[in-house]
Amino acid sequence: MRTDLYVGGAFAPAASGRRFPVVNPATEELLADVAEGEAADVGRAVDAARACFESDGWRKLAPRDRGARLARAADLLEQRADEFARLETQQNGKPLFESKIDVAMTVETLRYYAGWADKITGATLPVSGDFFTYTLKEPVGVVGAIVPWNFPLNLASWKLAPALATGCTVVLKPAEETPLTALLFAEVLEAAGFPPGAVNVVAGFGPTAGAALVQHPGVDKIAFTGSTEVGRLIQRGAADTLKRVTLELGGKSPNIVFADADVAAAVKGAQTAIFYGKGEVCAAGSRLLVERSVHGRVVEELAVRAKKLVPGDPFEKATRLGAVVSKRQQETVLGYIAKGKAEGATLVAGGSAATVNGKGYFVQATVFDGVTPEMTIAREEIFGPVLAVLPFDTVEEAAVLANQSMYGLAAGIWTKDLQKAHRVARAVRAGTVWVNTYNTYDSAAPFGGYKASGFGRDLGREALDGYLETKTVWIAL
Ligand code: NAI
Ligand code: MG
């Protein structure tokens, strides 16, 4: 385990000497005391990233060599997949089988962007007059990547891999709840041949380490995933230095079940959509919109499934619902459950905290029926295993309900009617629409939000744009 900051190619304590505890939310045990980075440490990390960016050691490498190092990092991570998966489960509380998927997806993301490194091209432009005019794509510079605790390693790779492929250097600030896999990942990057300063990892808290990164004049771009509230702070904080900002924020994603769907598949999909990752998933299908003629059946089958989804030891093979990330998050989620009851929704499954072996911050798989769009649990991101079910009567009403949210991250549509699927996919204002599937991801498929779910895209070719400047060169002929 690594518990010190990784700056300029070396692990070292914070300048202040301070450390903070990281707790296993499933056992309440102390996992580690981690070096607490603050402004001084962020400053050193940014200097190291800047020096690396200006040196011959990274941006000026042959693009193919940059790609080769990303590919090597993928191989090395794959060899240590079990170790990383176990650590992810220990710090996050998610079932081990999910952490294994997270690590595998991180490997894929590194490989995907390894392939892009030598395929980033400008264009020649058909301008008027006697000129040869072309564009160069150049790395934006030093990137501050601030990531949350729900997919700690995976989301870090969503920022790191495209940034590094373009020739940027990075200061990564993992979430205070889950810094351990990011710090350990620095070992992998070092072994893969990334030069000192190409990637720096500064653990610490948002208002100190995170804010210092946002304000630092030596940072050219902030890539953020996290809450909409902090996304607003970041955009404001980045204004003075005119940093580029991409924000992947919260969601309240509608998952729409039409009566003509394969209802059994839709119910199973609705279960995964809200309970995978304990519902601590930005794209979680947290509003289930169900056409009235199948509403009774869907709720009944979902309640049966939710009751079977008992919270368990994340290291047990059969466990499909782990601990929520922290006591604070557990309190937040329970607060929303209380609001749901108080505002008149009907609890059909779950609704309580739970422990496993007498310990841990677990929440039962919870389903509320009879939810109306005005209720708090229909409007606010809960970020826990809590589903709100709302009935509808027509396709038009479904689309209106789906868009009745400040968020626009994702949506699900369950129907066998192709025309309906395409029509609703167009009508919904969301960055990702899943038809007869949910929570499907691939490094090739861009991911990000409309509206208050943010802007810019992770993954796919699009993510590269967030780390590139375009230079137009005019040559008089
Ligand atoms: P958060 O947005 O505060 O934390 C995410 C990251 O931002 C962490 O690394 C944190 O240290 C950093 N951060 C916090 N304040 C900052 C600041 N002032 N400047 C710079 N960086 C800062 O999320 P939090 O408080 O852990 O969770 C609160 C709620 O946010 C959750 O209940 C959920 O609704 C939402 N959330 C959404 C996520 C998503 O994937 N879209 C991920 C995590 C949380
Ligand atoms: Mg916060």
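Note that ligands are numbered from 1 as they come in the structure, with each ligand's atoms numbered from 1 the same way. This one's a predicted model, so the numbers in the text were calculated from it and none came from an experiment.
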Would K359 and D313 pass as an ion pair if we require N to O under 4.0 Å? no
Looking only at the aromatic ring of each residue, does the gap between the centers of W158 and F151 stay below 6.0 angstrom? no
I want to confirm something. Looking only at heavy atoms, which of E380, E248, Q329 is nearest to atom 32 (O) of ligand 1? Q329
For ligand 1, which atoms, with element, lie under 4.0 Å from some heavy atom of T225? 40 (O)
Salt bridge or not between E54 and R59? Use side-chain N to carboxylate O under 4.0 Å. yes
Using a plain distance cutoff, I'd like to know if T332 has any nitrogen or oxygen under 3.5 Å from a nitrogen or oxygen of ligand 1. no
Where is the nearest protein heavy atom to atom 18 (N) of ligand 1: which residue, which atom, and how far? L233 CD1, 3.6 Å
Electrostatic pair D4:R19 at N-O distance under 4.0 angstrom: yes
Pick one of side chain, backbone, both or neither for how V147 approaches ligand 1, counting any non-hydrogen atom pair under 4.0 Å. backbone
Candidates K252, E176, R328, E381; heavy atom nearest atom 25 (O) of ligand 1 found on R328
Among S227, A212, G279, which residue places a heavy atom closest to atom 30 (O) of ligand 1? S227
Suppose I only count heavy atoms of C282 and a 4.0 Å limit; which atoms of ligand 1 are within that range? 39 (C), 40 (O), 41 (N)
Ligand-side contact atoms (ligand 1) for residue partner P148, heavy atom cut-off under 4.0 Å: 42 (C), 43 (C)
Please say whether more than 12 non-hydrogen atoms of neighbouring residues, nucleotides or ligands are located less than 6.0 Å from NZ in K268. no
the protein heavy atom lying closest to atom 37 (C) of ligand 1 turns out to be F383 CZ, 3.5 Å
Should the pair R244-E469 be classified as a salt bridge under the 4.0 Å nitrogen-to-oxygen rule? yes
Could you tell me, atom by atom, which parts of ligand 1 come under 4.0 Å of a heavy atom of A211? 19 (N), 20 (C)
Check this for me - ligand 1, G226, N or O atoms closer than 3.5 angstrom, yes or no? yes
Tell me whether the centres of the aromatic rings in Y276 and Y438 are closer together than 6.0 Å. no
Using a distance threshold of 4.0 Å (strictly less than), state whether atom 41 (N) of ligand 1 has a protein heavy-atom neighbour. yes
To the nearest 0.5 Å, atom CG of N357 lies from atom OG1 of T355 at 8.0 Å
Among all protein heavy atoms, pick out the one at the shortest distance from atom 3 (O) of ligand 1; state its residue, atom name and that distance to 0.1 Å. V230 CG2, 3.4 Å
the protein heavy atom lying closest to atom 20 (C) of ligand 1 turns out to be G210 C, 3.3 Å
Among all protein heavy atoms, pick out the one at the shortest distance from atom 12 (C) of ligand 1; state its residue, atom name and that distance to 0.1 Å. I146 CG2, 3.7 Å
Are a donor atom and an acceptor atom from the side chains of S227 and E229 found within less than 3.5 Å of each other? no
Ignoring hydrogens and angles, state whether a donor on the side chain of K159 or T225 is under 3.5 Å from an acceptor on the partner side chain. yes
Considering only non-hydrogen protein atoms, determine which one is nearest to atom 17 (C) of ligand 1 and report residue, atom name and distance to 0.1 Å. G206 O, 3.5 Å
With a 4.0 Å cut-off on N to O distance, would you call R328 and E177 a salt bridge? yes
Over 12 non-hydrogen atoms of neighbours within 6.0 angstrom of CZ in R429: no
Judged by heavy atoms only, the candidate from Y336, Y407, W149, F224 nearest atom 7 (O) of ligand 1 is F224
Region of L249 that comes within reach of ligand 1 [heavy atoms, distance under 4.0 Å]: backbone
